[in-house]
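One structure is given here, and the rest of the page talks about it.
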Amino acid sequence: MSRKVVRTSKFRHVFGQPVKADQCYDDIRISQMTWDSNFCSVNPKFVAMIVDASGGGAFIVLPLSKTGRIDMSLPTVCGHTGPVLDIEFCPHNDNIIASGSEDCSVMIWEIPDGGLTSPLSDPVVKLDGHSKRVGILSWHPTAHNVLMSAGCDNVIILWNVARGEAVVRIDSVHTDMIYSACWNRNGSQILTSCKDKKLRVLDPRKGSVICEKDKPHEGSRPVRAVFVSDGKILTTGFSRMSERQVALWDPKNFGEPLTLQELDTSSGVLLPFFDPDTGIVYLCGKGDSSIRYFEVTDEAPYVHYLSMYSSKESQKGMGYMPKRGLEVNKCEIARFYKLHERKCEPVVMTVPRKSDLFQEDLYPDTIGPEPSVEADDWFSGKNGEPILISLKDGFVATTKNKDLSVTNKLIMPYFLEMIEQLTQRVSELESK
């Protein structure tokens with residue numbers, strides 16, 4: 001008699017949990033636009049969300065600590081003349097955020113520490129180059145001030161943000177609307193999925209196709225694709241019968257998928273979020289009320305279902321916190337910022353562990369905020385590997401002036417207060 005052997009994995013028991021109600025961001029009118037982007041971007045300092053705005057496009061940026069009910073009169077970032085479709089924080093500077101809009105422009109904004117005190121309508125840089133709306137933005141993972149934008153004009157532009165100029169324009173590759181565009185780990189390749197039912201791996205500087213796959217999924221609904229570990233590609237799409245699918249591909253042999261699994265018959269596009277440190281991919285469907293997560297490994301069937309976080313309310317968008325913004329002492333391996341119609345609810349993914357010590361197997365060195373190559377060097381052909389940091393002591397975000405004496409600043413007032421209270425008590429006793 002054969003016994004089924006359960007695959008061993010330290011992530012088998014990962015569970016998702018929403019934070020308490022007072023730690024949510026309430027009374028926010030999330031944008032009603034029907035566009036398949038995340039609508040939310042987060043980093044260790046801020047959370048940004050695209051909101052409804054009359055006469056143009058706007059998004060709000062809140063310090064992470066500003067939870068609870070958000071005042072309707074809170075200042076917004078409101079420089080676009082059309083609805084905002086995508087926002088993304090710069091991975092190398094937590095105060096910089098890019099926004100793409102229906103007004104065909106890309107804008108770069110600088111958010112002051114502590115958040116906005118008045119409406120922000122003047123961007124640091126305005127990038128004009130698309131002839132139709134801009135729906136996809138992605139910062140380069142290792143090069144400083146390099147931004148990719150993709151518009152409904154079927155064009156991808158790579159910008160040198162510091163100079164405010166379009167350096168590479170890829171306009172002859174895609175014959176239809178681009179559904180998704182993302183970088184690989186060191187930013188030496190771009191992966192796109194398109195309405196012409198092709199998956200393409202591009203050389204970003206030459207603008208040429210390295211390899212492509214026709215019809216990764218048979219259905220006509222949008223396909224999403226991300227690079228996972230070892231250069232493999234994970235896609236989400238639909239079958240002919242409109243069943244949602246997830247597939248894993250090896251670009252060296254694009255003929256057949258390594259695995260293709262059918263999930264359900266829902267209609268929402270699945271947004272994939274891949275964590276290279278743990279090998280877990282999270283699939284969040286727009287309009288779904290759940291987050292499915294899988295572990296990607298080297299052994300068949302390659303994409304192993306772990307579990308699903310379910311809730312009552314459906315999600316209108318999703319923000320994904322970088323690893324350096326997580327609470328490592330609580331064994332938190334991912335944190336999502338789930339957008340409802342009127343609020344944003346953080347959802348924490350945790351590995352249950354009994355020990356309070358730092359779990360080295362859960363937190364290998366991860367990508368830090370330092371870029372490894374400058375924009376001009378990258379455009380002229382130099383690649384840079386990500387600069388990794390350890391999360392062992394809990395990552396402390398440094399401001400631009402590299403102020404590292406934060407802990408001392410917190411401890412000193414505490415001791416001074418203690419001394420003051422003691423001297424006061426002594427003088428009271430003496431007077432008696």
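The two residues Asp36 and Pro222 come nearest to each other via the heavy atoms OD2-CG, 4.4 Å. Pro371 and Ile387 get closest at one heavy-atom pair: O-CD1, 3.5 Å. Taking both residues in full, the closest heavy atoms of Ser193 and Leu199 are given as CB-CD1, 4.0 Å, listed atom of the first, atom of the second, then distance. Closest approach of Val269 to Arg224, counting heavy atoms only: CG1-CG, 3.7 Å. Taking all atoms of both residues into account, the shortest heavy-atom contact from Trp139 to Val161 is CZ3-CG2, 3.9 Å. Heavy atoms only, all atoms of each residue included: Tyr363 and Glu332 are closest at OH-O, 2.6 Å.
Between the side chain of Ser131 and the backbone N or O of Asp153 there is no donor-acceptor pair closer than 3.5 Å. Side-chain atoms of Ser105 do not come within 3.5 Å of backbone N or O of Asp128 as any donor-acceptor pair. Looking only at distances, no side-chain donor or acceptor of Ser138 sits under 3.5 Å from a matching main-chain atom of Met148. Remark: side-chain polar atoms of Asn145 are not paired, donor with acceptor, to backbone N or O of Ala375 under 3.5 angstrom. In this structure, the side chain of Trp159 does not engage the main chain of Leu127 through any donor-acceptor pair within 3.5 Å. Arg185 places no side-chain N or O within 3.5 Å of a backbone atom of Ser229 that could act as its donor or acceptor partner. No donor-acceptor distance shorter than 3.5 angstrom exists from the side chain of Lys338 to the backbone of Pro346, with no hydrogens or angles considered. A distance-only check finds no donor-acceptor pair linking the side chain of Gln189 to the backbone of Gly187 [under 3.5 Å]. Between the side chain of Asn38 and the backbone N or O of Cys40, no donor-acceptor pair lies under 3.5 Å. Ser101 places a side-chain N or O within donor-acceptor distance of the main-chain N or O of Pro83, the cut-off being under 3.5 Å.
The distance from atom CD of Glu385 to atom CD1 of Ile367, rounded to the nearest 0.5 Å, is 10.0 Å. Here the OG1-NZ distance, from Thr34 to Lys286, works out to 8.5 Å after rounding to the nearest 0.5 Å. Rounded to the nearest 0.5 angstrom, Met349 CE and Ile333 CD1 are separated by 8.0 Å. Taking CD of Glu345 as the reference point, atom CD of Glu313 lies at 7.5 Å (rounded to 0.5 Å). Remark: Ile28 CD1 to Asp71 CG distance equals 11.5 Å, nearest 0.5 Å. Once rounded to the nearest 0.5 Å, the distance linking CZ of Phe39 with CG of Leu85 reads 7.0 Å.
A salt bridge links Asp171 with Arg169; the closest basic N to acidic carboxylate O contact falls under 4.0 Å. The pair Asp275-Lys323 meets the salt-bridge criterion, since a charged nitrogen lies less than 4.0 angstrom from a carboxylate oxygen. Ionic pairing of Asp361 and Arg353 is present here: one or more N-O contacts between side-chain nitrogen and carboxylate oxygen are shorter than 4.0 angstrom. Under 4.0 Å is where a charged nitrogen must lie from a carboxylate oxygen, and between Asp113 and Lys45 at least one such pair does. Remark: Asp94 engages Arg324 in a salt bridge, criterion side-chain N to carboxylate O under 4.0 Å. A salt bridge links Glu360 with Lys392: the distance from a Lys NZ or Arg NE/NH1/NH2 to an Asp or Glu carboxylate oxygen falls below 4.0 Å.
At a threshold of 4.5 Å between non-hydrogen side-chain atoms, the residues Thr350 and Gln17 do not count as touching. No side-chain heavy atom of Met318 sits under 4.5 Å from any side-chain heavy atom of Tyr282. Taking the side chain as every heavy atom from C-beta outward, Phe294 and Leu306 never approach each other to under 4.5 Å. Put simply, the side chain of His304 reaches to within 4.5 Å of the side chain of Thr297, judged on heavy atoms. Under the 4.5 Å side-chain criterion, counting only non-hydrogen atoms from C-beta, Leu339 is in contact with Met49. Arg244 is listed as a side-chain neighbour of Asp288, based on a closest heavy-atom distance under 4.5 Å. Side-chain contact between His174 and Ile156 is present, with heavy atoms from C-beta onward closer than 4.5 Å. At a threshold of 4.5 Å between non-hydrogen side-chain atoms, the residues Leu158 and Pro204 count as touching.
Using bins of under 30°, 30° to 60° and over 60° for the plane-to-plane angle, the ring pair His80/Trp109 lands in the perpendicular bin. Tyr337 and Tyr25 have tilted rings, their planes meeting at an angle from 30° to 60° on a 0 to 90° scale. Note on ring orientation: taking the six-membered ring where Trp is involved, the planes of Tyr320 and Phe273 are tilted (angle from 30° to 60°).
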CA sep, side-chain torsions, deciding dist, call: Leu137, Val106, side-chain contact (heavy atoms from CB on, under 4.5 Å): CA-CA 9 Å; Leu137 295 174; Val106 176; 3.9 Å; yes
CA sep, side-chain torsions, deciding dist, call: Phe11, Tyr293, ring-ring contact (aromatic ring centres under 6.0 Å, His included): CA-CA 10 Å; Phe11 303 114; Tyr293 37 106; over 10 Å; no
Verdict with supporting geometry, Lys66 and Leu74, side-chain contact (heavy atoms from CB on, under 4.5 Å): CA-CA 11 Å; Lys66 193 175 172 61; Leu74 190 90; 3.5 Å; yes
Criterion side-chain contact (heavy atoms from CB on, under 4.5 Å) on Asn95 and Phe46, from CA distance to verdict: CA-CA 8 Å; Asn95 296 64; Phe46 301 107; 4.1 Å; yes
Salt bridge (charged side-chain N to carboxylate O under 4.0 Å, His left out) between Asp103 and Lys126, intermediate numbers included: CA-CA 12 Å; Asp103 65 10; Lys126 187 180 180 195; 5.9 Å; no
Arg342/Arg29 under side-chain contact (heavy atoms from CB on, under 4.5 Å): CA gap, chis, key distance, verdict: CA-CA 5 Å; Arg342 299 282 302 190; Arg29 291 182 304 154; 2.9 Å; yes
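Between the side chains of Ser380 and Asp376, not a single donor N or O lies within less than 3.5 Å of an accepting N or O. A donor-acceptor pair shorter than 3.5 Å can be found between the side chains of Thr175 and Asp196.
Within 6.0 Å of NZ on Lys197 lie more than 12 heavy atoms contributed by other residues, nucleotides or ligands. Counting non-hydrogen atoms of neighbouring residues, nucleotides and ligands closer than 6.0 angstrom, the NZ atom of Lys232 exceeds 12 such neighbours.
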